Participant: 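Take this structure, written in structure tokens, and hold onto it; I'll ask about it next.
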Amino acid sequence: MSHALTIGDFSKATHLSIRTLRHYHQIGLLEPTDVDPDTGYRRYATEQIPAAQVIRRFRALDMPLDDIQAVLSAPDLRTRDHLIAAHLARMEDGLARTQQAVASLRDLLEHGTAPAAIGHRSVQATPAAAISEDVGVADALLWYQGALGELRATLAAQRIRADGPAGGMFADELFGDEYGRATVFLPCDGRVRPMGRVTPSTVPAAELATIIHTGPHDEIDRAYGTLAAHVAEHELAVDGPLREYYLIGPGDTADESAWRTEIGWPVFATGTTG
């Protein structure tokens with residue numbers, strides 16, 4: 001036999017606030033067994049306590065309410081377990097990113113910016129296969145990975161060999177406005193036929209102040225900061241997109257700690273080459 005609890009008693013039994021219980025009722029996640037039509041008072045069955053406890057624990061794991069609803073209404077155990085496993089996997093990914101961010105912040109606070117070698121390089125105009133599009137900064141990394149894969153596949157299909165590491169050029173607007181022109185290119189010694197997004201291009205000549213960033217791209221802002229400070233203090237910056245050259249990247253190894261990216265900041269010619 002079911003016994004009813006007032007919303008106040010059900011709140012005490014489940015440690016869910018009355019406000020929260022009312023919200024769960026409104027969205028259909030946890031509906032009371034009875035609502036008085038005259039007073040609007042809600043009453044809950046004791047059998048609903050376990051469901052409320054499950055919801056509370058899922059919320060403690062930051063599971064969205066829609067996902068909790070899907071779990072509770074799953075037609076079978078396999079579907080339910082799949083939904084829970086998917087959320088746990090997202091939590092693990094988020095935890096890994098949090099741990100990485102915490103480690104980076106702690107290192108920055110404790111050690112500051114470590115001295116880094118600044119180089120100079122005169123880049124000659126270079127024929128290349130390229131993909132150039134306007135992208136949002138939030139999507140830039142995924143866009144770069146997809147564009148680079150398409151470039152490599154196109155060169156392979158046309159039996160053209162890459163003649164150096166892949167690179168990228170990024171307009172000022174991509175940084176300042178979070179949306180702007182991005183170009184990924186692969187230098188090559190053969191004439192590329194347009195295919196899909198890939199077009200033949202010439203990477204313009206430039207004089208660059210450079211720095212090497214070692215590690216995942218999530219941490220690349222620190223190298224950018226060091227290079228920008230050097231250019232402001234010791235160089236004469238000129239207009240032109242910033243450049244990156246992917247000396248070792250995802251296509252070479254899955255070990256992010258081994259990635260090496262050369263960043264180039266356009267500067268007035270110094271006569272130094274590298």
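These figures come from a predicted structure and were not determined experimentally.
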Participant: Going from CG on D139 to OH on Y144, what distance comes out if it is rounded to the nearest 0.5 angstrom?
Facilitator: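 Atom-to-atom, D139:CG and Y144:OH are 16.0 Å apart.
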
Participant: Which is it for I18 and S11 under the side chain to side chain contact (heavy atoms under 4.5 Å, CB included) test, yes or no, and what are the steps along the way?
Facilitator: CA-CA 6 Å; I18 292 175; S11 172; 4.0 Å; yes

Participant: In this structure, are over 12 heavy atoms from other groups packed under 6.0 Å from Y41 atom OH?
Facilitator: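 12 or below, so no.
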
Participant: Please determine whether side chain to side chain contact (heavy atoms under 4.5 Å, CB included) holds for the pair L242 and I263, giving the CA-CA distance in whole Å, both sets of side-chain angles, and the decisive distance to 0.1 Å.
Facilitator: CA-CA 8 Å; L242 297 179; I263 305 165; 5.7 Å; no

Participant: Under the side chain to side chain contact (heavy atoms under 4.5 Å, CB included) criterion, do Q48 and T14 qualify, and how do the steps go?
Facilitator: CA-CA 10 Å; Q48 291 180 282; T14 61; over 6 Å; no

Participant: Before we go on, tell me: are the rings of H213 and Y224 under 6.0 Å apart, centre to centre?
Facilitator: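 Here the rings of Y224 and H213 have centres that are no less than 6.0 Å from each other.
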
Participant: Any Lys/Arg nitrogen of R197 or E133 sitting under 4.0 Å from an Asp/Glu carboxylate oxygen of the other?
Facilitator: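 A salt bridge is present here (some side-chain N lies under 4.0 Å from a carboxylate O).
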
Participant: Restricting to non-hydrogen atoms, name the atom on V192 and the atom on A129 that form the minimum distance, rounded to 0.1 Å.
Facilitator: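 Answer, listing the atom of V192 first, then A129: CG2-CB, 3.8 Å.
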
Participant: Going from CD1 on I211 to CD on E262, what distance comes out if it is rounded to the nearest 0.5 angstrom?
Facilitator: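 Rounded to the nearest 0.5 Å, the CD1-CD separation comes out at 10.5 Å.
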
Participant: Heavy atoms only: give me the nearest R59-P64 pair and the separation to one decimal.
Facilitator: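 That closest heavy-atom pairing would be NH1-CA, 4.0 Å.
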
Participant: Are R78 and D81 within salt-bridge range, i.e. N to O under 4.0 Å?
Facilitator: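 No, this pair does not count.
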
Participant: Would a 4.5 Å heavy-atom cut-off, applied to side chains only, mark L208 and V267 as touching?
Facilitator: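 The answer is no; the side chains never approach within 4.5 Å.
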
Participant: Do the side chains of R42 and D34 get close enough for a salt bridge, i.e. N-O under 4.0 angstrom?
Facilitator: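 Result for this pair is no, no salt bridge flagged.
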
Participant: Are any of the side-chain nitrogens in D67 or R90 under 4.0 Å away from the carboxylate oxygens of its partner?
Facilitator: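 Salt bridge between D67 and R90, a charged N being under 4.0 Å from a carboxylate O: yes.
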
Participant: Going from NZ on K12 to CD1 on I7, what distance comes out if it is rounded to the nearest 0.5 angstrom?
Facilitator: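 Between K12 NZ and I7 CD1, I get 12.5 Å after rounding to 0.5 Å.
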
Participant: With rounding to the nearest 0.5 angstrom, report the OH to OG1 distance, Y44 to T6.
Facilitator: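 Separation between the atoms: 10.0 Å.
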
Participant: Around atom CD of E178, are there more than 12 heavy atoms from other residues, nucleotides or ligands closer than 6.0 Å?
Facilitator: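 No - once you tally the heavy atoms of other residues, nucleotides and ligands closer than 6.0 Å, there are 12 at most.
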
Participant: Are E244 and Y246 close enough, and set up right, to give a side-chain hydrogen bond (donor to acceptor under 3.5 Å, both in side chains), and what steps lead you there?
Facilitator: CA-CA 6 Å; E244 294 179 358; Y246 309 109; 2.8 Å; yes

Participant: Is NZ or CZ of R243 both nearer than 6.0 Å to the six-membered ring centre of F185 and within 45° of the ring axis?
Facilitator: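 Relative to the ring axis of F185, which defines the angle, R243 lies outside at least one limit.
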
Participant: For L186, which of D163, I131, L155 qualifies under side-chain contact (heavy atoms from CB on, under 4.5 Å)?
Facilitator: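 Testing each of D163, I131, L155 against L186, the sole residue satisfying side-chain contact (heavy atoms from CB on, under 4.5 Å) is L155.
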
Participant: How many angstroms lie between atom CG of L88 and atom CE of M63, to the nearest 0.5 angstrom?
Facilitator: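 Reported to 0.5 Å precision, the distance equals 6.5 Å.
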
Participant: Should D255 and T253 be marked as a side-chain hydrogen bond (donor to acceptor under 3.5 Å, both in side chains) after you check the CA-CA gap, both sets of side-chain angles, and the distance that decides it?
Facilitator: CA-CA 5 Å; D255 181 6; T253 176; 5.2 Å; no

Participant: To the nearest 0.5 Å, tell me how far D239 CG sits from D172 CG.
Facilitator: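 Nearest 0.5 Å value for the CG-CG distance: 7.5 Å.
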
Participant: Can you hop from L65 to L61 via hydrophobic side chains spaced under 4.5 Å?
Facilitator: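 Linked, L65 and L61 end up in one cluster.
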
Participant: If we ignore hydrogens and angles and just use 3.5 Å, is the side chain of S73 paired with the main-chain N or O of Q69 as donor and acceptor?
Facilitator: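 Such a contact is found between S73 side chain and Q69 backbone.
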
Participant: Answer with yes or no whether the hydrophobic clustering places L151 together with L247; edges join I, L, V, M, F, W, Y residues whose side-chain heavy atoms lie under 4.5 Å apart.
Facilitator: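 L151 does not cluster with L247.
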
Participant: Show your reasoning for whether side-chain hydrogen bond (donor to acceptor under 3.5 Å, both in side chains) applies to H120 and E207.
Facilitator: CA-CA 7 Å; H120 292 83; E207 182 78 13; over 6 Å; no

Participant: Yes or no on side-chain hydrogen bond (donor to acceptor under 3.5 Å, both in side chains) for S132 and R181, after CA distance, side-chain angles and deciding distance?
Facilitator: CA-CA 7 Å; S132 186; R181 178 64 48 163; 3.2 Å; yes

